[in-house]
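Both counts, for ligands and for their atoms, begin at 1 and track the order of listing.
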Amino acid sequence: MARLAIDGGDPVRETKIHYSRQYIDEDDIQSVIEVLKSEYLTCGPKIAELEKKLCNITGAAYSAVLSNGTSALHVACIAAGIKEGDEVITTPMTFAASANCVLYCGAKPIFADINPETYNIDPAAIESKITEKTKAVIAVDFTGQVAELDRIKDICQRYHLVLIEDGAHSIGTKYKDIPVGNISDITTFSFHPVKTVTGGEGGAVLTNNKEFHQRVKLLRTHGITREVKELKNASHGEWYYEQVNLGFNYRITDLQASLIASQLNKLDKFKQRKTEIVTLYNKAFKDIPEIVLQKEIPESDTLRHLYIIQLVLEKLHVSRKQIFNALAAENICCNVHYIPIYYFPYYQRMGYKKGICPNAEKLYERIITIPLFYSMTNNDVQDVVRAVRKVIDNYKKRNL
Ligand SMILES: *Cc1c(COP(=O)(O)O)cnc(C)c1O
């Protein structure tokens with residue numbers, strides 16, 4: 001058996017590979033330079049161009065781009081009417097932003113457990129958490145695979161809840177042939193560099209609901225409008241604008257918008273290559289009894305954002321931490337998505353108790369996110385596979 005690098009052996013590769021990295025080509029660079037040489041660095045023509053592109057790609061009627069995925073979630077919640085005293089149901093197996101946005105509104109995030117096979121929020125768990133205070137559901141498309149949206153939509157319709165889809169992972173994914181962005185009442189995207197499409201920072205809110213869209217656009221710019229039909233008083237002249245609500249500065253720059261639009265031209269390419277890598281991984285790992293893979297549902301035509309291996313700890317001598325560290329020593333730098341949100345001290349202080357979502361908690365102990373990004377070569381993929389095999393082989397229990 002090959003000696004592990006963590007025990008002094010040779011690593012499977014000399015250079016580190018990380019779990020994610022952005023892909024920027026010459027077109028992307030030119031798209032930013034073009035803006036730098038233009039008249040507008042922010043609030044210019046690139047904003048509307050990107051919004052139109054997002055509508056074309058997703059089929060959504062309206063889109064608004066803004067500073068990041070978190071601000072997108074925040075204004076989505078306000079637009080959906082979430083207020084102090086309300087409850088909003090979401091998953092704990094997500095980035096903190098998916099629940100923090102509810103707190104920003106003075107409302108309470110209620111965590112519903114995940115399906116232990118798909119790792120997405122379980123519709124039955126959502127239904128069991130509904131009270132008369134529930135206003136909305138925030139469904140996260142974990143790793144890029146859509147949540148069970150038909151069942152969740154049905155629940156939302158029956159209980160008159162707004163369905164907000166956190167699509168930070170799922171741009172480019174389709175559900176029953178409908179692109180993410182055109183399925184739920186409101187969908188948000190993030191364009192952070194670890195996500196499939198990046199602008200450095202950036203976010204978007206997509207909807208088919210005109211009223212939601214108008215609220216989002218106001219909230220993005222302090223609640224200020226120049227639209228004549230939105231003014232409460234007679235215009236004082238050309239310069240006139242009014243603040244009609246309390247909003248924020250959640251604007252995005254034209255530099256970022258231009259980069260995101262250029263990145264979106266590569267969405268099909270990104271999907272094709274990432275799907276190839278996922279297929280290679282699936283094949284390599286499917287016969288390793290110490291690993292369980294995320295179940296893929298046929299309804300989701302997925303542009304995968306993350307690839308997660310779940311360890312069968314019962315068949316291993318060591319903890320997830322030891323395996324994570326052994327992979328790092330082999331120069332495979334992994335991550336873990338996610339720590340259940342209510343484990344964080346801030347949430348614990350608010351009174352959330354461990355034990356409320358046992359499936360998510362159990363999963364958290366067992367998962368490792370391995371590298372998945374567009375520019376990985378087949379050799380990179382093979383290195384990751386070899387390292388995972390080598391580490392598992394060293395630490396698996398043997399029946400002598
Ligand atoms: C990245 C992410 C966000 C937040 O996006 P930012 O652009 O970083 O603010 C929200 N939800 C999920 C699931 C994410 O992965």
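- Side chain of Gln310 to backbone of Ile367: no donor-acceptor contact under 3.5 angstrom is found.
- The distance from the CG atom of Asp113 to the CE atom of Met93 is 9.0 Å, given to the nearest 0.5 Å.
- Near Asp166, with a cut-off below 4.0 Å to any heavy atom, the atoms of ligand 1 are 10 (C), 11 (N), 12 (C), 13 (C).
- Close contacts of ligand 1 with Gly69, meaning ligand atoms under 4.0 Å from a residue heavy atom, involve 5 (O), 6 (P), 7 (O), 9 (O).
- The minimum heavy-atom distance between Lys315 and Pro289, with the atom names listed, is CD-O, 3.7 Å.
- For atom 2 (C) of ligand 1, the nearest non-hydrogen atom from the set His169, Glu201, Lys195 comes from Lys195.
- Ligand 1 has no atom lying under 4.0 Å from any heavy atom of Gly203.
- Not close to ligand 1: Phe189, with no non-hydrogen atom less than 4.0 angstrom away.
- Atoms of ligand 1 found under 4.0 Å from any heavy atom of Tyr338 (numbered from 1 in listed order, with element): 15 (O).
- In this structure, atom 9 (O) of ligand 1 lies nearest to the protein heavy atom Thr70 OG1, 2.5 Å.
- Counting heavy atoms closer than 4.0 Å to ligand 1, residue Thr94 contributes side-chain atoms (C-beta onward) but none from N, CA, C or O.
- In this structure, Arg349 is not positioned above the aromatic face of Phe344 in the sense of NZ or CZ being under 6.0 Å from the six-membered ring centre and within 45° of the axis.
- Proximity of a side-chain donor or acceptor of Thr173 to a complementary backbone N or O of Leu303 within less than 3.5 Å is detected.
- At a cut-off of 3.5 Å, with distance as the only test, a side-chain donor of Asp141 or Ser170 sits close to an acceptor on the other residue.
- One finds a salt bridge joining Glu51 and Arg220 here, because a Lys/Arg side-chain nitrogen approaches an Asp/Glu carboxylate oxygen to under 4.0 Å.
- Counting only heavy atoms of the protein, atom 5 (O) of ligand 1 lies nearest to Ser190 OG, 3.2 Å.
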